[in-house]
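Protein chains get the first letters and strands the later ones, always in sequence-line order, with residue 1 at the start of each.
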2 protein chains.
Amino acid sequence: MNKKPKSDTNQAVVLDLGAVIATVDADQPKVLLVGADGSDARPSLPSGPFDPEGDRTMEEGLRRWVEEQTGLTVGFVEQLYTFGDLFRDPDALAGGPRSISVGYVALIRQSAAKRPAKSDWFDWYRLFPWEDWRNGRPAVLDEVLKPKISSWIDEAADAKAKRARRGRADVAFGFSDAGWDADRVLERYELLYEAGLVVETVIDGRIKTRQNQSDTLAWTGLPLHQDHRRILATALGRLRGKIRYRPVIFEVMPIEFTLLQLQRAVEALAGAPLHKQNFRRLVAAEGLVEPTGRVSSETGGRPAELFSFRPDVVRERPAPGVRMPRGRRTR
Amino acid sequence: MNKKPKSDTNQAVVLDLGAVIATVDADQPKVLLVGADGSDARPSLPSGPFDPEGDRTMEEGLRRWVEEQTGLTVGFVEQLYTFGDLFRDPDALAGGPRSISVGYVALIRQSAAKRPAKSDWFDWYRLFPWEDWRNGRPAVLDEVLKPKISSWIDEAADAKAKRARRGRADVAFGFSDAGWDADRVLERYELLYEAGLVVETVIDGRIKTRQNQSDTLAWTGLPLHQDHRRILATALGRLRGKIRYRPVIFEVMPIEFTLLQLQRAVEALAGAPLHKQNFRRLVAAEGLVEPTGRVSSETGGRPAELFSFRPDVVRERPAPGVRMPRGRRTR
DNA sequence: CCACATATGCTCAAAATAAGTATAAGTGTC
DNA sequence: GACACTTATACTTATTTTGAGCATATGTGG
């Protein structure tokens, strides 16, 4: 920053802007992927170029190409991470220019989320089956992942490496007494990648497919282009953390919603079930919503009161977000 | 990501890696700045080039040039944000290549933090005087900032804009009932920038210096090169948030420390005083540290027991960090 | 021995939280 | 229209966490 690097060092850098465009539709978390047209190519995240002459800010550039490419006008946009690892980038390995991708998360309300050309809304948990605890602990964890991870730990070169692997697995998957931490999506994905338990590892040529491995891979979610599933893992972890202290959940809600709809949306992203009575008590206490006076009769039972987001909460609360019970921990 | 942008769109991008290198020394938070040699140039954050051919990852590139330039070996490194706004960049405005800077925060223990050539450790709060509440509410807030911000609110074009400004100020500075939120460092700096209350605004030519404005500027902290103070604000906010749920504080501590030293370090970054007895109770309950059996007699009173960080906490706790009392809120 | 400093252990009341029970108000079925 | 069923919402209770302070411990320098 204080002095410009020599320009020839940097000429071979190509910068693009990637977007994780997410919503919640019918209580399911969705993400926009392109190129899932049945061909053998893996789907990928939408991305577009950054125009250094036209775009005053990168966020502006992102909004521009998202609108151009998909017709969607995204509301909430937040920069996620800048990805530049060499191994993510087969072209650069082959001598091409180095590709750097600035990743963003964008949230959009379901109502505004049409189906853009060549794109599709994918259920987020098709990519991360082990992340969805809404109906209890996912079976894939104990039936597939846990034993495979154990093997991976045992395959470590020496006792020290074994301890390190076990430690990582304990933290990421809560195998020891820490319990499952919903935010550690990226740690989990990276461990599975290194352990060769997701398709990407094999495709990247990091390990060979082993006997009996291919049926494991069938259980570990849909593979994406390059490192895009890793980017999605980053985004999901970030969003899960964020809904707790910023009212981002309302970015995916319709203008009016019932408290149960709100709860389902939070559960969809958090990947965990919430205690209904406490949820509404916390939401009420936080002052995040206000009743509109209308009711929704589409629930099948007693009609629910409709609420809307109260934007001025942020003026009153240091960390306005949806607080989520984590279950009583015995210390 | 799915298709390469046309290369001519991107050729004019220069990528560098900027570092906020921070430590805590003698209970004071410090940050490494270069070029504060008494000349009229404003100090700046250290930064270095990214070498697309040599650096496999950006983090690796960062560690490389930090070591080359300063001789420091940084421990904890985390990517912060990628800065690419056009207005940050006078060269690009003048038709030069667009400069994109990937910012990192690096933490280093005081013991390892020598004074590198051409660099200096600056007290962080010299740049953000309003952020240091360790000795109570900073006087500059009520005596200088609050009235000036009020004027800025009143200068808004119409009632709607006025409300918007007031809302922002309330949130950022806790003027309404929300109270001060230590994490909102960036929001505060950006508001001051827009209100013309920091030197950078004037230098950037966004507003003219007004009558009686220059003495205000003398109270609003040391200006840095380009948008570097903005980057520092991002870093401070991020760190303040992070110490609560990740044990990053130990990255700046010596291997052995007393609980009061630990508390002072947390206070230094958090910018707030903590209740001593409760602090040690929380730290003990979190299991973050273990006694070494030795004591330190340098305290002037009863010798304090020495503790060391227990790295395996992360295996046991979902969010191991230093919990900080925020003062009893009455809802 | 004293005054003084910091360290550390402990109590207590207030607030927040998890979990559950009870009741309200609709729907569709017969 | 009685009834089973569904969802909504109010309220109760036990427990945990937190904020704040007091009391005691163990060193220093005079």
Side-chain N,O (A:K276) to OP1/OP2 (D:dT7) below 4.0 Å:
no

Calculate the interatomic distance between [X] atom [atom1] and [N] atom [atom2]; express it in whole Å.
X	N	atom1	atom2	value
A:L306	D:dT7	CG	P	17 Å
A:N278	D:dA8	CG	P	16 Å
A:L262	D:dT9	CG	P	12 Å
B:L282	D:dT16	CG	C1'	13 Å
B:H275	C:dA7	NE2	C1'	14 Å
B:R264	C:dA7	CZ	C1'	12 Å
B:Q261	C:dT8	CD	C1'	16 Å
A:L260	C:dG26	CG	P	17 Å

Could you check which of [options] has an atom nearest any side-chain atom of [X]?
X	options	value
B:E305	D:dG21, C:dT8, D:dG19	C:dT8
A:R281	D:dA20, C:dA18, D:dT9	C:dA18
A:R280	D:dT9, C:dT6, C:dT11	D:dT9

Does B:Q263 have any side-chain contact (heavy atoms from CB on, under 4.5 Å) partners at least two apart in sequence or in another chain, and if so, which?
B:L260, B:E267, B:L274, B:K276, B:F279

For A:E190, what residues pass the salt bridge (charged side-chain N to carboxylate O under 4.0 Å, His left out) criterion, not counting sequence neighbours?
A:R230

Just jot down the salt bridge (charged side-chain N to carboxylate O under 4.0 Å, His left out) partners of B:E305, sequence neighbours excluded, or say none.
none

Name all residues meeting the side-chain hydrogen bond (donor to acceptor under 3.5 Å, both in side chains) criterion together with A:R281; count only those two or more places apart in sequence or in a different chain, and write none if there are none.
A:N278

Residues in side-chain hydrogen bond (donor to acceptor under 3.5 Å, both in side chains) contact with A:D120, at least two apart in sequence or another chain
A:R115

All N/O pairs under 3.5 Å across the protein-nucleotides 23-27 of chain D interface:
residue	atom	partner	partner atom	Å
D:dA25	N3	B:R302	NH1	2.9
D:dT26	O4'	B:R302	NE	3.4

Should we say atom CG of B:D142 is surrounded by more than 12 heavy atoms from elsewhere, each under 6.0 Å from it?
yes

For B:K30 and B:W124, the nearest pair of non-hydrogen atoms, with its separation, is O-CE3, 4.0 Å

